[in-house]
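Because the structure is predicted, anything quoted here is derived from the model rather than measured. In what follows, every chain begins at residue 1, and chains take the letters A, B, ... in the order their sequences are listed.
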There are 2 protein chains.
Amino acid sequence: MARTTGSHSDITGPRIRAAALRLFARHGFAAVSMRQIAAEVGVQAGALYNYIPDKQSLLFSLMQSHMEELLAARAAQDVPGDALARLEAFVRFHIRFHLERRDAVFIAYMELRNLSSENFAAVEALRRTYETTLEQVLQDGVTEGVFAIPDIRIAARAVIAMLNGINTWYRVGGPMPLDAVEAVYWDMVRKAVGG
Amino acid sequence: MARTTGSHSDITGPRIRAAALRLFARHGFAAVSMRQIAAEVGVQAGALYNYIPDKQSLLFSLMQSHMEELLAARAAQDVPGDALARLEAFVRFHIRFHLERRDAVFIAYMELRNLSSENFAAVEALRRTYETTLEQVLQDGVTEGVFAIPDIRIAARAVIAMLNGINTWYRVGGPMPLDAVEAVYWDMVRKAVGG
DNA sequence: GTCTATACCCAGATAGAC
DNA sequence: GTCTATCTGGGTATAGAC
C-alpha cells in the first residue's frame, strides 16, 4: 500500500516543475500561489521548499531549462549544407519545437519581467544565442548570393517573431495539418529573404 | 493654494488610467496592487473605487479603449488605391501606431488571460476586426494579381506578428531612424506576399 | 470625492515534530 | 521528506466620517 507520507525526492521534484509550468503558463507567474502548485502536486506548500529556494528561482529554472533544450535541439539539427536548405530546416524545426512546448514557450516570452536582473540577463543571453544561429544562416545565404537582406539582425528577429505567432492560433488536431502550416510559413520566409 | 483633499473628478479618472497603464505594462496586471496605483496617483486606495468598479474592469477598459483607438486610426488611414500602396500604408501605420503606444500594446497582448470570458470575447472581437482590415488588402491584391498568397488569413497573422516584434527591440532615439525600420520591414512584407 | 479604518482573505516563507 | 502550524506582510474591496 502506498504511503501518503515519506520520501519521494526523485519524483516530487519533476512533478513540482511540471505543475508550475502548467500553472504559470495558464494563469501567469504572479497569479499562481505556492499553495496552488503544492495542491497540484499533492503535497503541502512547505514541502516545495525542499526542492526550490524560492518562487522566483523556480521560474528561472524553468526558463533556463527551456532555453537550453532549445539550443541543444537546434545545435543537433543545424547540419552543413546550402543556406536555402538550412533556412528551411530552421523554419520547420522552430515551428515544431515551439508547438510541442507551448507552456514553456509562453512562459519564456511572458514572464521575463518577473526575473531578477541577473536571471533576466542569463535568459536573454540564451535567447540571443538562438537568434544568432539564425543570423548565421542568413549571413551565409547573403554571402552565397542566394538571399537579399538589407539587415541581417532585423531579418532574423522578423522571422522568429513571425513564426512565434503560430503558437497564438494553431491548434494541434485542428483542421490544418502541421505540414501545411510549415509549408505556408516557409513560403513566406523564403520570399521575405529573397530566396 | 492647492487643496490636498476635495473634488478632482475630471482629472483623477484619467490619472488613474494613466498610472494603471504604466504599472500594468511594467510589472504585469497581477503583480500590481490597487495601493500602488493609488500611490502613483496620489490618493488612497479606497478613492479608486469612485472611478472603477473593480480592478479587472480597469484592465478591460484600458484594453478596450486601446483597441477602439487602433480601429479608428486604421479606418481613417486606409484610403482607396491599389493594393500594394495600401499594404505599404498599413505596414507603416501599424509600426508607428504601435511604437507610440508601447504600454497599451504590451498590455493588450500580455494580459488577455486576466480578462473574464465576456471581456476577453469583446477584446478578441476588436482584435479580429483589425486583422480583417489587413486581410481585405491582401485579398484585393490577390484579386488584382499583384500578390501571391497561399493563405490570406495566415498571411495577415504572420505580417502582424512580424511587425509586433519591433516593439521588443526598437528604441526611439536609438541608432536607427524610424523611417529606416519601416523601410526594412516593408521590404520583407512586400516580398513575403509576392508583391 | 477623498479620507481613515478595517473586514476578510491569502501571499511567501520558516520552524520543528514525525 | 513531508507534515502542521505559524509568522509577517499585503491583497481587494467596503463603511462611514468629513
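- Residue A:Tyr49 contributes atom OH, which lies 18 Å from atom P of C:dG16 at whole-angstrom precision.
- Atom CD1 in B:Ile52 sits roughly 13 Å away from atom P in C:dT2 (whole-Å rounding).
- The phosphate of D:dG1 has neither OP1 nor OP2 within less than 4.0 Å of any side-chain N or O from A:Thr12.
- Computed from coordinates, the A:Gln36 CD to C:dG12 C1' distance equals 13 Å when rounded to whole Å.
- Across the protein-nucleic acid pair, A:Asp54 atom CG and C:dA11 atom P stand 17 Å apart, rounded to whole Å.
- With distances taken from any side-chain atom of B:Lys55 to the nucleotides D:dT2, D:dT12, C:dT2, the minimum falls on D:dT12.
- Taking atom CD1 of B:Ile37 as the reference point, atom P of D:dG10 lies 17 Å away to the nearest angstrom.
- Taken to the nearest 0.5 Å, the CD1 atom of A:Ile160 stands 6.0 Å off from the OH atom of A:Tyr130.
- In terms of phosphate contacts, B:Gln44 brings no side-chain nitrogen or oxygen within less than 4.0 Å of OP1 or OP2 of C:dC3.
- B:Val41 comes within 4.0 angstrom of nothing in the nucleic acid, heavy atoms only.
- Ring geometry for A:Phe97 against A:His66 counts as tilted: the plane angle lies between 30° and 60°, on a 0 to 90° scale.
- Under a 4.0 Å N-O distance rule, the pair A:Asp82/A:Arg86 does not qualify as a salt bridge.
- Heavy-atom distances to DNA chain C give each of A:Ser33 and A:Ala47 a nearest nucleotide, and the one nearer the 5′ end belongs to A:Ser33.
- A salt bridge links B:Arg74 with B:Asp78: at least one charged nitrogen is closer than 4.0 Å to a carboxylate oxygen.
- B:Thr168 and A:Arg157 share no side-chain donor-acceptor pair at under 3.5 Å.
- Per the geometry, CD belonging to A:Gln56 stands 10 Å off P belonging to C:dA13, to the nearest Å.
- B:Ile16 places its CD1 atom 14 Å from the P atom of D:dT12, with the value rounded to the nearest Å.
- Between A:Gly42 and A:Arg35, the one whose closest nucleotide on DNA chain D sits nearer the 5' end is A:Gly42.
- The distance from atom CG of A:Leu48 to atom C1' of D:dT4 is 15 Å, rounded to the nearest whole Å.
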